[in-house]
Each structure stands twice: as C-alpha cells, then as structure tokens.
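One structure is given here, and the rest of the page talks about it.
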Amino acid sequence: MTAQHQIRADYDARTIVVYQAYSPAVAGPALRANRFVPPFSFNRMTWIKPSFRWLMHRSNWAQKPGQERILAVRITRAGWEEALSQAVLTTADPSAVAQAPVHVQWDPERSLRGAALNHYSIQVGVGRGLIRTFAEEWVVDLSDITPRVQKIAALRQGGRSAQAQRLLPPERICPVPPAVAKRLGIDS
C-alpha cells in the first residue's frame, strides 16, 4: 500500500525539480534570464509543486488562462529543506498559518487521466519574506517544458496512455529530515 503523505519528486543529491505554471508574460522574461524577474511578483506567495501530474491537473495541461507555460524549476535541496523547515500546514491554527513564512498543504495526487489517487501530493507556498531568497538563491535553472506537456496531453487525449506515461518526468520518494517529516505529516 502506498503511504499517504510522501514527497515524490525528480531530484538528485544537490537539487530538486518543482513545477509552476505561468502566463507567457511571466514565463518568457524568466526563461530569457534563467531566473525569476518582473513581471514575476516578489510581493505575493508563490506555490511550488514537485508533482508533475498534480500541476497538470491544476493547470489543465497548460490550457488554463494564465497557466499556459509550464516551467520545471530546479532549486537547491538546501533551499527546499529550508522552506520545509519553516513551513506550517495550512490546516494548523489560523494564527500560526498567518504568521508562517511557508505554507504546506496536501492535495490528492492525480493519475495521468486526472483522477484523484489514494495518496497525497505536497504543495509548498513560499511567502513574501522568502520570495527573493527563493528566486535569487535557491533557483538553479528554469526550463520550459510546455512542448513536452502538450505532447503528453495529446497522447493522453488520443488514448495512448502508455506512450504518455513514458514521457512523464521521473519521480521517486524524496527524503526530508525526520523533524520536518514529523511536523508536516510526512510518512516515513
């Protein structure tokens, strides 16, 4: 049986890939600079998601207005763990959530077809106080994976799920420090 709350991600010893969906107006300048630059907002929380399929569900496979470009954002594992160490679950006491620099919520993971699965995917909201650190120190690389998303979506729509599945980014269980895992409800 699959554990309910685990972080599944594409990662290596130094970095982890998180996904975000943006409008072309935000994605274009960011990709040209290989870092987040205006009109990316440094004044609001930004949500990062290590689950590719969950973001595909959220962005309707890059078809939702304002979410037409999908970026693979490679950040440092140290930054990722720093964010998690400062995170509060969105289900915590509202005053704790309001003061937290980072928010974490668990949402049902999605199948390739978009159906809710019986385990959860983590979403991490990096707050205004850490946004510049995220953008200027943690981000290692930005990649536009929109063409890949469109190809997977076309295969999926055409009933060729096995081919689509082979194009999904690799995701495996990503360990986190035990104290962080306990506080955020991550299964060991």
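If you're wondering where the values come from, they're calculated on a predicted model, not measured in any experiment. When reading the values below, keep in mind they use all heavy atoms of this one structure, side chains included, and skip hydrogens, waters and symmetry mates.
I16 is not connected to L55 by any chain of hydrophobic side-chain contacts under 4.5 Å among Ile, Leu, Val, Met, Phe, Trp and Tyr, and they are in different clusters. Both V126 and I122 sit in one connected hydrophobic cluster of ILVMFWY residues. Membership requires side-chain heavy atoms under 4.5 Å apart, directly or through other members. Under a hydrophobic clustering in which Ile, Leu, Val, Met, Phe, Trp and Tyr are joined whenever their side-chain heavy atoms come within less than 4.5 Å, directly or via other members, M45 and V104 fall into different clusters.
To the nearest 0.5 angstrom, R172 atom CZ is 13.0 Å from I7 atom CD1. Between the OH atom in Y19 and the CG atom in L71 there is a gap of 11.5 Å [rounded to 0.5 Å]. One distance of note links CG of N43 with CD1 of I131; it measures 9.0 Å at 0.5 Å rounding. Atom CD1 of I70 is separated from atom CZ of F52 by 7.5 Å, given to the nearest 0.5 angstrom. In this structure, L142 CG and R32 CZ are separated by 12.5 Å, a value rounded to the nearest 0.5 Å. Atom NZ of K151 sits about 8.5 Å away from atom CD of Q163, to the nearest 0.5 Å.
Dense packing is recorded around CZ of R113, with more than 12 heavy atoms of other residues, nucleotides or ligands lying under 6.0 Å away. Remark: R14 CZ is loosely packed, at most 12 non-hydrogen atoms of other residues, nucleotides or ligands lying under 6.0 Å away. Annotation: R148, atom CZ; neighbour count of heavy atoms from other residues, nucleotides and ligands within 6.0 Å is above 12. Heavy-atom contacts from other residues, nucleotides or ligands closer than 6.0 Å to CZ of R58 number 12 or fewer.
In this structure the side chain of C174 never reaches within 4.5 angstrom of the side chain of R8, judged on heavy atoms. Residues I152 and L112 meet the side-chain proximity criterion, which asks for heavy atoms closer than 4.5 Å. Counting heavy atoms from C-beta outward, Q67 and W61 have side chains that stay 4.5 Å or more apart. Annotation: side chain of P29 is not in contact with side chain of F36 (no heavy-atom distance under 4.5 Å). In this structure the side chain of Y11 reaches within 4.5 angstrom of the side chain of P175, judged on heavy atoms.
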Stepwise side chain to side chain contact (heavy atoms under 4.5 Å, CB included) test for V124 and K49: CA-CA 6 Å; V124 178; K49 303 143 184 82; over 6 Å; no
Should V140 and T76 be marked as a side chain to side chain contact (heavy atoms under 4.5 Å, CB included) after you check the CA-CA gap, both sets of side-chain angles, and the distance that decides it? CA-CA 7 Å; V140 174; T76 65; 3.7 Å; yes
Show, in sequence, the C-alpha distance, side-chain angles and deciding distance for I186 and V176, and conclude whether the side chain to side chain contact (heavy atoms under 4.5 Å, CB included) test is met. CA-CA 9 Å; I186 299 170; V176 296; 3.7 Å; yes
Assess whether side chain to side chain contact (heavy atoms under 4.5 Å, CB included) is satisfied between R110 and L117, documenting all intermediate values. CA-CA 6 Å; R110 299 294 167 161; L117 298 176; 5.7 Å; no
side-chain hydrogen bond (donor to acceptor under 3.5 Å, both in side chains) between E68 and S23, intermediate numbers included: CA-CA 6 Å; E68 302 92 345; S23 69; 5.5 Å; no
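Of the possible polar contacts, one joining the R183 side chain to the L84 backbone as a donor-acceptor pair under 3.5 Å is found. Remark: the backbone N or O of W47 is not paired with any side-chain donor or acceptor of Q123 at under 3.5 angstrom. No donor-acceptor pair under 3.5 Å is formed between the side chain of N60 and the backbone N or O of Q63. Without hydrogens or angle criteria, S111 side chain to A115 main chain gives a donor-acceptor distance under 3.5 Å. In this structure a side-chain-to-backbone donor-acceptor pair under 3.5 Å is missing from S143 to I145.
Using a 4.0 Å cut-off between a side-chain N of Lys or Arg and a carboxylate O of Asp or Glu, D12 and R74 qualify as a salt bridge.
In this structure, H5 and Y120 have parallel ring planes: the angle between them is below the 30° cut-off, well short of the 60° mark.
The six-membered or imidazole ring of F134 lies away from that of F42, with a centre-to-centre distance of 6.0 Å or more.
Residues passing the side chain to side chain donor-acceptor pair (under 3.5 Å) test with Q105 are D107, sequence neighbours excluded.
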